[in-house]
Structure formats: C-alpha cells, structure tokens
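Reviewing the structure listed below.
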Amino acid sequence: LLDGMFSWLLELLKMPETRHIKNIENIDDIQTTVLHGNIIRKKGFLYKLFLENYGIFKENMKDIPDGLKIELGSGGGFLKEVINDVITSDVLELPDVDKVIFAEKIPYPDESVAVFFLLGTLHHIKDPNKFFSEVNRCLKPGAKVIMIEPTNTPFSRLVFKYIHHEQFDEKKDSWQVDGEGRMADANLAMPWSIFSRDKKKFLSKYPDLEILQVKKHTPFRWFLSGGMAYRQFVPSASFGFFTKIEKLLSPFDNILCSFMTIVIKKSE
C-alpha cells in the first residue's frame with residue numbers, strides 16, 4: 001500500500017510534459033531529448049544549475065593546450081552558448097548537436113583533442129575501459145577530461161536508489177553498463193566506483209592519465225530543480241539562497257553531496 005501511494009505521489013509531481021515517458025523506448029527517443037532541452041530552458045532553477053556546471057568546465061579548461069574541444073553526450077544541453085568553439089555530440093542525430101560520436105570509438109586523430117567535456121554522460125557509457133583508451137589516444141599532452149557525475153554518499157545513495165529511475169549499483173565489480181539503451185541503461189554509481197573505490201586500478205590501467213580532482217558538490221539543488229521529470233519544487237529566484245545553504249553545509253560533503261567534478265589530465 002505504501003509503495004503504491006509513493007508511486008502515485010511521484011506521478012503527481014511529474015511535469016505534464018513527461019508523464020508519457022514510462023518505458024525504455026520513450027526515454028531513448030530523440031523527441032525525449034528535445035523535450036529535455038525545452039525543460040532546461042523553461043525551468044529557471046535548472047537552467048542556472050546547468051550554467052553553474054558549464055562554469056566549472058570553463059574554470060578547469062584555462063590551462064589546456066590548443067586543440068579540439070569536444071562535448072560527449074550533449075543531449076538537450078546548451079554548452080555551445082557558453083563555450084562557443086566546442087563541438088557538441090551525441091550517439092543520435094539531434095537538433096542543435098554538431099556530430100554523432102560514440103565514446104568507445106572517437107573519430108579524431110591521435111593527440112588532436114585539448115579537452116573532453118561530459119555532463120552526466122560517463123555513467124551511461126557501456127564500456128568505460130574502451131572510452132578511456134580512446135581518451136588516452138585522442139588527448140594532446142597536457143589536455144584534459146572534465147566531467148560532472150553522480151557520486152556515492154549516504155544521502156545521494158538513498159535518493160538515487162529509491163527515487164531516481166536509473167540504476168545505482170555501488171557493489172558491482174565491473175565498470176561496464178548492461179543493456180543497449182542510450183539513456184535508459186546506466187549505473188549512477190559507476191563514476192564513483194572508477195574514481196574513488198577503484199582509483200588505484202584506474203591509475204594502473206592508464207598511467208598517462210592523472211586524476212587532478214575529484215570534488216563532491218551539489219547536495220540537493222538538482223532535486224529541488226525537479227530535474228528533467230518533476231516539477232520545480234522552489235522558485236527560480238531562490239537559486240542563490242540554496243547555493244549559500246549548500247556552501248554552509250560543505251563540511252558535510254562526504255555525507256550529503258550528490259555530484260562530483262572529476263578532472264583528468266594527460267601527462268606532458
């Protein structure tokens with residue numbers, strides 16, 4: 001009975017535009033990504049959160065060499081409005097996205113890329129080992145991969161496991177993601193597994209890739225925004241207020257944070 005009531009409440013909180021998105025085919029459909037782009041621009045709180053994340057990208061790319069700037073998994077985002085010369089990409093042909101690129105087979109020459117950007121993309125990549133091999137091949141010496149991904153804390157684990165639709169399996173030994181769905185299949189815990197639990201394994205497999213930063217942040221603002229599926233829970237004008245609250249809570253980042261910035265640099 002409680003499960004039924006909880007499911008009913010979540011359905012009630014959904015945005016009217018997203019109530020039809022109930023199965024894998026809907027989630028992976030091109031029109032769903034187009035809808036996500038409209039939602040990002042419609043919801044002021046969510047739009048500001050994307051801007052903040054893009055600001056993290058800009059801050060961390062200041063010392064990169066000359067070369068290509070590639071975003072993988074652009075989806076409905078708007079990074080090109082912030083970093084004008086970025087090449088946006090996804091695994092499907094999408095409006096306003098420059099190229100179709102699969103992360104496990106990147107169509108660029110050796111040592112040609114100055115930076116890869118990934119915003120909530122890594123946890124969807126089916127074979128991270130192939131991806132990081134491709135990254136290692138494509139990056140120029142001194143170039144970077146800058147990612148913002150979910151993390152694993154007591155708070156985030158609770159929310160991601162029991163409320164979010166994507167899988168969160170922090171106990172899975174393999175980094176690989178099962179399934180074929182572009183968006184529907186994922187493991188939200190996989191970035192944490194690679195860069196926290198299995199950090200030594202990563203550095204051993206990819207000795208040319210240095211982990212510069214794994215920084216937890218954003219405890220609850222994503223959830224207040226309603227994300228892509230739910231109604232915004234607070235006014236857009238409250239974004240600054242809740243940003244200050246999260247900064248005050250920073251001593252508890254290892255308990256409360258839901259996301260993390262990961263910066264990797266190829267050795268020079």
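The figures that follow rest on heavy atoms only: side chains count, while hydrogens, waters and symmetry mates do not. If you read the sequence from its start, that first residue is 1, and numbering goes on from there.
Listed for the Thr121 side chain is a donor-acceptor partner under 3.5 Å among the backbone atoms of Leu72. The main-chain N or O of Val234 is never found under 3.5 Å from a side-chain atom of Ser238 such that the two would form a donor-acceptor pair. When atom types are taken as modelled, the side chain of Ser89 and the backbone of Glu71 share a donor-acceptor pair closer than 3.5 angstrom. Between the side chain of Thr33 and the main chain of Gly75, no donor-acceptor pair closer than 3.5 Å is present. Looking only at distances, no side-chain donor or acceptor of Lys205 sits under 3.5 Å from a matching main-chain atom of Leu203. Ser225 places no side-chain N or O within donor-acceptor distance of the main-chain N or O of Phe45, the cut-off being under 3.5 Å.
Environment of NZ in Lys58: sparse, with no more than 12 heavy atoms of neighbouring residues, nucleotides or ligands closer than 6.0 Å. With a 6.0 Å radius and a threshold of 12 heavy atoms from other residues, nucleotides or ligands, Asp66 has its CG atom at or below the threshold. By the 6.0 Å contact criterion, NZ on Lys130 is open, its count of non-hydrogen atoms from other residues, nucleotides or ligands being 12 or less. No more than 12 heavy atoms of other residues, nucleotides or ligands shown are found within 6.0 angstrom of NZ on Lys199.
Side-chain contact between Lys172 and Asp178: present, with at least one pair of heavy atoms (C-beta onward) separated by less than 4.5 Å. In this structure the side chain of Ile125 never reaches within 4.5 angstrom of the side chain of Val177, judged on heavy atoms. Within the 4.5 Å cutoff, the side chain of His123 has no heavy atoms near those of the Asn187 side chain. Under the 4.5 Å side-chain criterion, counting only non-hydrogen atoms from C-beta, Asn136 is in contact with Leu209.
Taking a cutoff of 4.0 Å between a charged side-chain nitrogen and a carboxylate oxygen, Asp127 and Lys105 do not qualify as a salt bridge. Between Glu210 and Lys266 there is no salt bridge, since none of the side-chain N atoms of the basic residue sits less than 4.0 Å from a carboxylate O of the acidic one.
Identified under the salt bridge (Lys or Arg N to Asp or Glu O under 4.0 Å) test for residues 232-259, with sequence neighbours left out: Arg221-Glu246.
Under the ring-ring contact (aromatic ring centres under 6.0 Å, His included) criterion, Tyr47 pairs with Phe78, not counting sequence neighbours.
Between Met147 atom CE and Asn53 atom CG the span is 14.0 Å, to the nearest 0.5 Å.
Between Phe132 and Phe202, the ring centre distance stays below 6.0 Å.
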Query raised in the report: What do the steps show when you test Trp175 against Asn129 for side-chain hydrogen bond (donor to acceptor under 3.5 Å, both in side chains), and what is the final call?
Result: CA-CA 8 Å; Trp175 298 348; Asn129 284 305; over 6 Å; no

Report task. Output, in order, the C-alpha distance, side-chain angles, deciding distance and verdict of salt bridge (Lys or Arg N to Asp or Glu O under 4.0 Å) for Asp110 and Arg137. Result -> CA-CA 5 Å; Asp110 296 358; Arg137 178 185 67 80; 2.9 Å; yes

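Only one option out of Asp98, Asp85, Thr88, Asp96 pairs with Lys80 in a side-chain hydrogen bond (donor to acceptor under 3.5 Å, both in side chains); it is Asp98.
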